[in-house]
Visitor: 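Encoded as structure tokens, here's the structure I'll be asking about.
We name chains A, B, ... by the order of the sequence lines, and we start the count at 1 in each one.
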2 protein chains.
Amino acid sequence: MPEDLDRTDRRILRLLQKDGRMANADLARKVNISAATCHRRTQRLFEANCIRAVRAQVAPDAVDLSTLAIVGVVLDRSTSDSFAAFEQAVRETPEILDCHLVAGDFDYFLKIRVRDMEHFNRLHATRLIVLPGVRQTRTFFVMKEVVDNRPLDI
Amino acid sequence: MPEDLDRTDRRILRLLQKDGRMANADLARKVNISAATCHRRTQRLFEANCIRAVRAQVAPDAVDLSTLAIVGVVLDRSTSDSFAAFEQAVRETPEILDCHLVAGDFDYFLKIRVRDMEHFNRLHATRLIVLPGVRQTRTFFVMKEVVDNRPLDI
DNA sequence: TAAAAAGTGGAACAATCTTTCATGCCTGAA
DNA sequence: TTCAGGCATGAAAGATTGTTCCACTTTTTA
């Protein structure tokens, strides 16, 4: 699916990653191609799904979601269905921003953003530990976000 | 800094979070205000830094960054300067997409994206464990990305 | 080597953004 | 209650930008 990207495509990706609203004319100038070509290239990158989406990065504080936590989860190993059930439940929980199946002492790592600790506790008690197959969780509250969601190094 | 957002502002944020390139006219229609008002509102959200940036989400596979790992880090507690030095070094390492200072058994959690395990091992050996004040690291390789960087629930 | 396919830039056209302006709506003071 | 001030709103004009067309060049394939 992802085709070969030349130097120009990569420069477009890098620039749109920094500013997804950059005008096509500006983009073309910075990449040293004509506006028409730049437009076609960009469109192609979208159609080839090299650019999955262009999204506004909303400041969490502005929408009252200042509390961030990382949660390690261990599942019961009984059925492999429990993994699918757990993942489906995770997808239906909007507070969970990241969920990764990992190798090691945990099965999953979750990244969760909520309003405050009280909200987290409620979420944890009523929605996390009751997720399908959850045996144990360990919560790491984030005290400082040093880097969050940095653009890829293209 | 983040001012009061009414229902309309929040709807704009929610929609731009899904599609940061949505035409202003479309946005206005979906939010039931005029194009002029919508434009002003959106501009205000940018100026108030409620929208930090609009960024293209590049498919990691397309740029050969398919390997994801979560790394827990423990620092020497000796000097508090070592935390600042570590964080500065992290900021200068483009492969580190996330870095959060947490409470618990680890000091930091890192999210790292590289080409493959060989690249990760080189990064780990030559750039991670030599970061200022690092005592110990534990790596969790990601086997499946269930949810990655979901938009906020506004 | 030649034909076909794909990529390129300039220019015209269409669509979009941005500003202006007159109006209406709150808020607070008299 | 009444009035003035500040602020937000929508319609429309003007400025900017995106999109397509075309002739031409480069690359690929047979």
Visitor: Pull out every residue in residues 6-17 of chain A that has a heavy atom closer than 4.0 Å to any atom of DNA chain D, ordered by number, or say none.
Guide: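 Per residue number, the list is empty: none.
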
Visitor: Indicate yes or no: at least one non-hydrogen side-chain atom of Arg29(A) is less than 4.5 angstrom from one of Asp26(A).
Guide: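 They are in contact (side-chain heavy atoms under 4.5 Å apart), so the answer is yes.
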
Visitor: Decide, yes or no, whether a salt bridge links Asp9(B) with Arg41(B) under the criterion of side-chain N to carboxylate O below 4.0 Å.
Guide: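 Salt bridge present between Asp9(B) and Arg41(B).
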
Visitor: Is there a side-chain polar atom (N or O) of Arg40(A) under 4.0 Å from OP1 or OP2 of dA6(C)?
Guide: no

Visitor: Measure CZ/Arg41(B) against P/dT19(C) and give the value in whole Å, please.
Guide: 18 Å

Visitor: Are any of His39(A)'s side-chain N or O atoms less than 4.0 Å away from OP1 or OP2 of dG18(D)?
Guide: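 For dG18(D), neither OP1 nor OP2 has a side-chain N or O of His39(A) closer than 4.0 Å.
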
Visitor: Send over the distance from Ile33(B) CD1 to dC17(C) P, rounded to a whole Å.
Guide: 13 Å

Visitor: Grab the CZ-P distance between Arg44(B) and dC7(D) for me, whole Å please.
Guide: 12 Å

Visitor: Applying ring pair (Phe, Tyr, Trp, His ring centres under 6.0 Å), can you list everything that pairs with Phe46(A), at least two apart in sequence or on another chain?
Guide: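 Phe46(A) satisfies ring pair (Phe, Tyr, Trp, His ring centres under 6.0 Å) with no residue once adjacent residues are dropped.
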
Visitor: Is any side-chain N or O of Thr37(B) closer than 4.0 Å to OP1 or OP2 of dA8(D)?
Guide: no

Visitor: Could you state the CG-C1' distance from Asn24(A) to dG10(C), rounded to the nearest angstrom?
Guide: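 Interatomic distance, CG of Asn24(A) to C1' of dG10(C): 14 Å.
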
Visitor: Apply the test side-chain contact (heavy atoms from CB on, under 4.5 Å) to residues Lys111(B) and His100(A): give CA-CA distance (whole Å), side-chain angles for both, the deciding distance (0.1 Å), then the verdict.
Guide: CA-CA 11 Å; Lys111(B) 181 167 148 186; His100(A) 296 299; 4.1 Å; yes

Visitor: What is the distance, rounded to the nearest whole Å, between atom CE of Met22(A) and atom C1' of dC17(C)?
Guide: 18 Å

Visitor: Using the side-chain heavy atoms of Ser34(B), tell me which of these nucleotides is nearest: dT16(C), dA11(D), dG7(C).
Guide: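 Closest nucleotide to the Ser34(B) side chain: dA11(D).
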
Visitor: Which part of the nucleic acid does Arg21(B) contact within heavy-atom distance under 4.0 Å: base, sugar-phosphate only, or nothing?
Guide: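 No contact.
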
Visitor: Considering only heavy atoms from C-beta outward, does the side chain of Phe109(A) approach that of Ile70(A) to under 4.5 Å?
Guide: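 Touching, per the 4.5 Å side-chain cut-off.
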
Visitor: Rounded off to whole Å, could you give me the CD-to-P distance for the Gln43(A) and dT20(D) pair?
Guide: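 That distance rounds to 6 Å.
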
Visitor: So, Ser66(A) and Asp61(A): side-chain donor and acceptor under 3.5 Å apart, yes or no?
Guide: yes

Visitor: Rounding to a whole Å, what distance do you find between Asp4(A):CG and dA6(C):C1'?
Guide: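 So the CG-C1' distance, Asp4(A) to dA6(C), works out to 15 Å.
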
Visitor: Assign Ala36(A) to base, sugar-phosphate, or nothing according to its heavy-atom contacts below 4.0 angstrom with the strands shown.
Guide: base

Visitor: Are His119(B) and Thr67(B) close enough that a side-chain donor and a side-chain acceptor fall under 3.5 Å?
Guide: no

Visitor: Rounded to the nearest Å, what distance is computed from the CG atom of residue Leu27(B) to the C1' atom of nucleotide dT18(C)?
Guide: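 Taking atom C1' of dT18(C) as the reference, CG of Leu27(B) is at 15 Å.
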
